[in-house]
Amino acid sequence: MNIGIIGTGNIAAYLLEQVNGNHMVDGKVTAIFGRNREVGPRLSEQFTVDFYTDIQEFLKTPLDIVVEATTVEAAGYYLENVVANKKDLVVSSIGVFKDSDFLDRVKRQARSSGTRIFLPSGAIGGLDVLQSAKATGGLKQVWITTRKSPASLGIESAEEKVIFEGSAYEAVEKFPKNVNVAMTLALAGVGVEKTTVRVIVDPAVVRNTHTIEALGDFGRMELQVENNPMPSNPKTSLLAALSILAVLQNKDQALRIGN
């Protein structure tokens, strides 16, 4: 399996280390695309991978799957292009799908191209429960409370306080770099307008914490995940990077667990 990565940041570097360096996937990253002409060549040399600054040249290479590891804004420019070039796609900036029309376009293009789109679970869990619970329309309510340090949110605060409460759509608008989990949860569950998000800044927390609650015909769920940050970036949970690695590991497995 030939893997391409869009992006040259922390997640891209982590995947290169795990895939090309530690051989944790049955395949190899053969190409990366990015705009950083300092970091890109360094990653290229370190992990023996081709670096491209032209997206079309990147997509012309024989890639089986492309991992988007950039930002919500950048993802909006590239995703349709990837599936139009008949590459399977892993999306890490899931907040880009707050625009339902864009999501529908990408899905239509993927169906037309015969490609698959993978949305990693990121820094949370419980998505299988939500998908099962809504199978017959019986999922009623979903909430997520996110508790993060000021550094993780990129703000200053000397005290614990609620800095946001609203829908998943509004949360992604306000915190595009921090609440991809809210969009993932919304897509798996009751949608972006009906999923309630609460963001708390807390100087005392060591780990980013997500508490998910759901109510429906199935019963009630409450799940809490305490995430260690990536050593290289306190704004990104290590589990988010691990979830992408897991998608690559399981992509072609004969046995799949869960939905």
Side-chain angles (χ1 to χ4, degrees), residues 1-7 11-12 15 27 31-35 52 54-122 124 127-128 130-139 142 167-173 176-177 179-195 197 240 243-244 246-248 250-253 256 258-259:
M1 175 171 61
N2 291 333
I3 304 164
I5 300 176
I6 296 177
I11 288 180
L15 292 174
I32 54 175
F33 163 80
R35 299 297 189 187
Y52 296 87
D54 184 290
I55 189 65
Q56 295 303 330
E57 291 299 316
F58 168 76
L59 292 173
K60 285 178 183 177
T61 62
L63 299 171
D64 300 301
I65 190 166
V66 171
V67 176
E68 174 274 315
T70 53
T71 64
V72 168
E73 183 181 15
Y77 289 112
Y78 302 125
L79 298 193
E80 287 180 277
N81 212 342
V82 173
V83 293
N85 278 270
K86 300 184 178 181
K87 315 292 186 185
D88 284 345
L89 172 65
V90 182
V91 181
S92 71
S93 303
I94 299 175
V96 71
F97 292 136
K98 69 181 184 294
D99 182 344
S100 59
D101 290 337
F102 178 72
L103 173 59
D104 289 340
R105 287 202 312 272
V106 174
K107 289 195 295 186
R108 284 196 302 270
Q109 182 63 68
R111 282 193 294 267
S112 176
S113 301
T115 59
R116 293 174 295 172
I117 301 171
F118 300 89
L119 305 185
S121 55
I124 57 173
L127 301 183
D128 273 6
L130 298 184
Q131 292 180 90
S132 298
K134 76 169 186 177
T136 59
L139 183 61
V142 179
S167 69
Y169 182 92
E170 295 167 325
V172 174
E173 285 282 301
K177 296 181 180 179
V179 290
N180 270 317
V181 291
M183 184 57 58
T184 306
L185 196 71
L187 291 173
V190 293
V192 295
E193 297 294 348
K194 294 182 180 180
T195 301
V197 178
S243 71
I244 299 173
V247 169
L248 296 174
N250 297 321
K251 175 180 177 289
D252 296 321
Q253 293 299 314
R256 297 190 184 186
N259 295 340

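Scope of the values below: all heavy atoms of this structure, side chains included, with no hydrogens, waters or symmetry mates. In this chain, numbering begins with 1 at the start of the sequence shown.
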Heavy atoms, side chains only, cut-off 4.5 Å: are L139 and Q131 in contact?
no
Would you please test N81 and Q56 for side chain to side chain contact (heavy atoms under 4.5 Å, CB included) and show each step?
CA-CA 9 Å; N81 212 342; Q56 295 303 330; 2.7 Å; yes
State, with a plain yes or no, whether a side-chain heavy atom of L127 is found less than 4.5 Å away from one of L185.
yes
Give the minimum heavy-atom separation between I117 and A110, together with the two atoms involved.
CD1-CB, 3.8 Å
Distance in Å, Q109 CD paired with R105 CZ, rounded so as to fall on 0.5 Å steps:
10.5 Å
Please step through side chain to side chain contact (heavy atoms under 4.5 Å, CB included) for the pair L103 and L187, ending with a clear verdict.
CA-CA 10 Å; L103 173 59; L187 291 173; 3.8 Å; yes
Heavy-atom pair of closest approach, residues S113 and V83
OG-O, 2.8 Å
Could you tell me whether a side-chain N or O of T115 sits under 3.5 Å from a main-chain N or O of K86, the two making a donor and an acceptor?
no
Can you tell me how far apart CZ (F33) and CG (D54) are? Round to the nearest 0.5 Å.
7.0 Å
On a heavy-atom basis, the closest approach of P120 and S243 is CB-OG, 3.4 Å
Roughly how far, to the nearest 0.5 Å, is NZ of K251 from CD1 of I3?
9.0 Å
Enclosure of E57 CD (heavy-atom neighbours >12, cutoff 6.0 Å)
yes
Mind listing the closest non-hydrogen atom pair of S93 and A75 along with its distance?
CB-CB, 4.1 Å
Validation row: I6, I55 side chains within 4.5 angstrom (heavy atoms)
yes
Under the side-chain contact (heavy atoms from CB on, under 4.5 Å) rule, collect the residues that match up with A31, sequence neighbours excluded.
Y52, F58, T61, L63
Between T184 and L119, is the side chain to side chain contact (heavy atoms under 4.5 Å, CB included) condition met? List the steps.
CA-CA 8 Å; T184 306; L119 305 185; 5.6 Å; no
Is there a side chain to side chain contact (heavy atoms under 4.5 Å, CB included) between K107 and D104 once you walk through the steps?
CA-CA 5 Å; K107 289 195 295 186; D104 289 340; 3.8 Å; yes
Rounded to the nearest 0.5 Å, what separates atom CZ in F118 from atom CD1 in I244?
13.0 Å
Can you name the nearest heavy-atom pair linking V192 to M183, along with the distance?
CG1-SD, 3.3 Å
Give a yes or no answer on whether the side chain of R116 reaches the backbone of V90 with a donor-acceptor pair at less than 3.5 Å.
no
Measure the spacing between CG of L130 and OG1 of T195 and express it to the nearest 0.5 Å.
8.5 Å
Can you tell me how far the OG atom of S121 sits from the CD1 atom of I94, to the nearest 0.5 Å?
8.5 Å
Main chain of L79, side chain of E68: is a donor-acceptor contact present, judged purely on distance under 3.5 Å?
no
Taking every non-hydrogen atom, the tightest pair across V197 and A182
CG2-CB, 3.7 Å
Any donor-acceptor N/O pair, D64 side chain to N2 backbone, under 3.5 Å:
yes
